[in-house]
Amino acid sequence: MHTALKIGGYTLGLLAVFGAAVGIGAAVTPTATSAATSSPIPESHTDMSEQTAAPTAGAASLPGGLMVSQDGYTLNLADRTAQAGPQVPLRFQIVGPDGAPVIGYQTEHDKDLHLIAVRRDLAHFQHVHPVLGADGTWSVPLDLSAPGEYRVFADFTPTGHDGGLVLGADLAVSGAYEPVPLPEPAARAQVADGYEVTLAGDLVPGQASELTLTVSKDGLPVTDLQPYLAAYGHLVALRAGDLAYLHVHPAGEPGDGVTPAGPGITFYATAPSAGDYRLFLDFQHAGVVRTAEFTVQAGENPRAATAPTADSATTATTTVPAPQTLIVTSHDDTETGSHGH
Ligand SMILES: [Cu+2]
């Protein structure tokens with residue numbers, strides 16, 4: 001009985017690994033799939049045909065921005081490298097399932113395509129709106145004064161596609177890269193010209209979380225925010241570590257009779273996992289668009305949780321140095337106390 005249970009457990013484990021292999025193999029290489037087909041578990045073949053359908057659902061539920069190609073649409077940068085400079089022309093195409101550059105887009109948030117560029121250390125965020133040429137080539141100047149590895153996200157909805165897509169591509173900017181550590185989590189962000197934005201609400205892994213960002217200037221609430229991209233603010237949230245691009249949507253829109261023009265702007269954001277995220281809020285006031293940036297922690301901090309385990313030695317060498325982990329841990333305690341989460 002005991003042996004039978006062990007075998008059963010082993011088989012289940014094997015099937016789980018096998019299922020995962022098929023999931024990856026079907027999407028990437030035929031080698032993994034053929035290896036899986038020669039598996040010595042004949043009764044699993046029926047399971048496999050069911051598992052083969054899984055990758056589609058899995059890819060659909062992945063956070064945006066992690067892939068350069070999805071659903072037959074590919075983000076093609078004209079150049080994957082650039083020289084540093086304040087006005088570097090970026091050119092790219094969205095190539096569709098038919099192999100031709102996409103020229104038909106559905107307008108979302110007032111624009112046919114939103115382009116986000118950020119250095120991989122989550123510094124130097126930019127949100128711009130490229131111009132589409134007749135041949136399907138988008139172009140926009142980027143401020144790439146700071147060298148380093150950048151991630152470029154195209155957020156768009158092709159005509160005829162069910163829902164929006166966020167594709168991501170790497171752009172290397174030559175020069176001396178001096179990465180900066182992710183700023184500590186904080187509920188308050190200072191913005192130029194006397195603006196301050198505070199953040200209320202918790203980012204809960206796996207569910208749409210309500211976040212309210214409140215804008216003040218020189219200590220007074222701002223109640224005359226201007227519509228920007230069909231909302232009183234536009235929020236982009238990226239996961240630290242892989243720059244997964246979260247789905248965020250505003251609660252209400254200007255002119256709907258219920259949404260105030262500040263000082264609070266409410267969003268719903270879904271964090272795919274526990275961990276650190278960087279939030280970028282674009283808001284417009286007195287004719288100028290400004291960006292407020294926050295580091296937010298969703299759920300328990302996985303870095304703090306892994307610190308005391310047996311494999312911490314190997315983890316420490318590949319990820320975060322031990323002293324930094326200690327600083328983060330102590331900061332968590334003060335954060336929890338001061339904000340009363
Ligand atoms: Cu945009």
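Order of appearance sets the numbers: ligands from 1, and atoms from 1 within every ligand. Bear in mind that the values here come from a model prediction, so they are computed numbers and not experimental data.
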_Carboxylate-amine/guanidinium contact Asp170 Arg151, below 4.0 Å_ = yes
*Any Lys/Arg nitrogen of Glu196 or Arg188 sitting under 4.0 Å from an Asp/Glu carboxylate oxygen of the other?*
yes
*Describe, in one word, how the ring planes of His127 and Phe125 are oriented to each other, choosing from parallel (under 30°), tilted (30 to 60°) and perpendicular (over 60°).*
perpendicular
*asked:* My understanding is that a hydrophobic cluster links ILVMFWY residues whose side chain heavy atoms are under 4.5 Å apart, including indirect links. Using that, what else belongs to the cluster containing Val215?
replied: Val191, Tyr195, Val197, Leu199, Leu203, Leu211, Leu213, Val222, Leu225, Tyr232, Leu235, Leu246, Val248, Ile265, Phe267, Tyr277, Leu279, Leu281, Phe283, Phe294, Val296
_If hydrophobic clusters are built by linking Ile, Leu, Val, Met, Phe, Trp and Tyr wherever their side-chain heavy atoms come under 4.5 Å apart, do Leu132 and Leu113 end up in the same one?_
yes
_With a 4.5 Å cut-off on side-chain heavy-atom distances among I, L, V, M, F, W and Y, is there a chain of contacts connecting Leu77 to Val118?_
no
*Metal environment of the Cu ion (ligand 1), protein N/O/S under 2.8 Å*: His114 ND1, His127 NE2, His129 NE2
